[in-house]
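Beneath this line is the structure, given in structure tokens, with notes to follow.
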Amino acid sequence: MRILNKTPKTHNARHGKGGFTLVELCVVLALLAILAVGITSFSVLMNGFAAEASEETAFWEENAALKSELRRWIAENDVNGKSFYIENGVLKSTNTVEGQGAKSIYLAGSALMVDGVQKTEYNAIDGIVFTNHSDGRLIKCTVYQITESGARNEIDFLFSVRAAQITASTGGGENG
């Protein structure tokens with residue numbers, strides 16, 4: 001008697017063994033590596049955009065606070081018989097503080113100095129430049145920031161003075 005093998009023969013590339021071939025594993029690993037590099041690159045790019053946006057937002061917020069402080073200071077010192085002048089990047093008023101001389105406002109490092117007193121820290125603002133506008137009654141203020149990437153963000157705004165004339169700059173450097 002002859003014993004017949006009852007299992008049907010199948011054509012299998014792996015000759016009946018379970019698992020994957022080395023080529024299949026290498027292809028899957030290569031695809032996973034490409035996917036990981038893509039995700040990592042995208043993540044780094046998005047973090048850079050987020051940091052830049054955060055830096056710019058801080059600049060605009062501090063710029064608004066600074067502008068408000070400058071408006072207040074100019075309004076306080078814009079009185080009859082007084083004038084403003086710019087000396088070495090410092091905006092000064094001929095209105096005087098007893099024992100200290102002329103009132104002034106400027107950025108020293110990251111601190112806003114108002115009449116010799118430190119008012120506020122501005123971490124996102126790198127400098128303020130005051131200049132005379134062509135009209136003798138306007139003060140041009142340029143506030144700028146140097147970003148981590150080396151780009152320069154800046155905003156210019158004008159302040160009008162009603163009672164005084166702004167005298168010519170004597171030096172015109174940046175910051176005090």
Side-chain angles (χ1 to χ4, degrees), residues 37-176:
V37 167
I39 290 172
T40 304
S41 298
F42 182 75
S43 173
V44 168
L45 183 65
M46 287 298 110
N47 285 342
F49 283 141
E52 202 172 288
S54 173
E55 201 174 67
E56 188 171 337
T57 300
F59 172 69
W60 285 103
E61 287 173 354
E62 288 185 7
N63 184 55
L66 174 66
K67 196 174 191 180
S68 176
E69 185 70 31
L70 286 168
R71 275 197 183 111
R72 185 201 57 73
W73 185 85
I74 288 173
E76 181 182 290
N77 289 287
D78 193 8
V79 293
N80 285 324
K82 305 299 177 187
S83 64
F84 295 98
Y85 61 100
I86 299 167
E87 182 177 76
N88 297 323
V90 177
L91 180 60
K92 294 185 175 186
S93 167
T94 56
N95 194 2
T96 59
V97 177
E98 198 171 308
Q100 293 180 358
K103 289 187 168 190
S104 62
I105 189 165
Y106 60 95
L107 192 69
S110 62
L112 182 67
M113 302 298 288
V114 178
D115 302 330
V117 177
Q118 179 179 336
K119 292 292 261 186
T120 312
E121 281 288 321
Y122 292 107
N123 298 316
I125 295 175
D126 292 319
I128 303 172
V129 178
F130 294 104
T131 54
N132 297 346
H133 193 266
S134 57
D135 177 350
R137 299 176 69 114
L138 293 174
I139 299 167
K140 179 181 175 189
C141 179
T142 302
V143 178
Y144 65 90
Q145 166 197 45
I146 308 297
T147 65
E148 286 183 20
S149 64
R152 179 178 168 123
N153 291 335
E154 65 179 51
I155 179 100
D156 296 330
F157 43 87
L158 296 174
F159 290 103
S160 146
V161 292
R162 57 184 150 76
Q165 286 291 105
I166 304 161
T167 58
S169 228
T170 57
E174 293 182 6
N175 300 340

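- Of the possible donor and acceptor atoms, one in the side chain of Thr57 sits under 3.5 Å from a partner among the backbone N and O of Ala53.
- The line from CG of Asp115 to NZ of Lys103 is 5.0 Å long, rounded to the nearest 0.5 Å.
- Looking at every heavy atom in both residues, Ser160 comes nearest to Ile74 through O-CG2, 4.4 Å.
- In this structure, CG on Leu138 lies 12.0 Å from CZ on Phe84, to the nearest 0.5 angstrom.
- Contact detail for Trp73 and Asn77: the closest heavy-atom pair is O-ND2, 2.8 Å.
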Could you pull out every donor-acceptor pair under 3.5 Å between side chains of residues 60-71 and any protein atom, sequence neighbours left out?
from, atom 1, to, atom 2, distance (Å)
Glu62, OE1, Asn123, N, 3.1
Glu62, OE1, Ala124, N, 2.8
Glu62, OE1, Ile125, N, 3.4
Glu62, OE2, Asn123, N, 3.2
Glu62, OE2, Ala124, N, 3.4
Glu69, OE2, Arg72, NE, 3.3
Glu69, OE2, Arg72, NH2, 2.6

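- Considering every non-hydrogen atom in both Phe130 and Val90, the closest pair reads CD1-C, 4.5 Å.
- Note: Thr40 OG1 to Leu45 CG = 12.5 Å, rounded to the nearest 0.5 Å.
- Nearest heavy-atom pair across Tyr144 and Val129 is CE2-CG2, 4.0 Å.
- Partners of Phe42 according to the side chain to side chain contact (heavy atoms under 4.5 Å, CB included) rule, which considers only residues two or more places apart in sequence or in another chain, are Met46.
- Here the straight-line distance linking atom CD1 of Ile155 with atom CG of Asn153 works out to 10.0 Å at 0.5 Å rounding.
- Between the OG1 atom in Thr142 and the CD atom in Glu154 there is a gap of 6.0 Å [rounded to 0.5 Å].
- Taken from CG in Leu107 to CE in Met113, the straight-line distance is 10.0 Å, to the nearest 0.5 Å.
- Counting only heavy atoms from C-beta outward, the side chains of Thr147 and Glu52 never approach each other to under 4.5 Å.
- Between Tyr106 and Ile128, the closest side-chain pair of non-hydrogen atoms is not below 4.5 Å.
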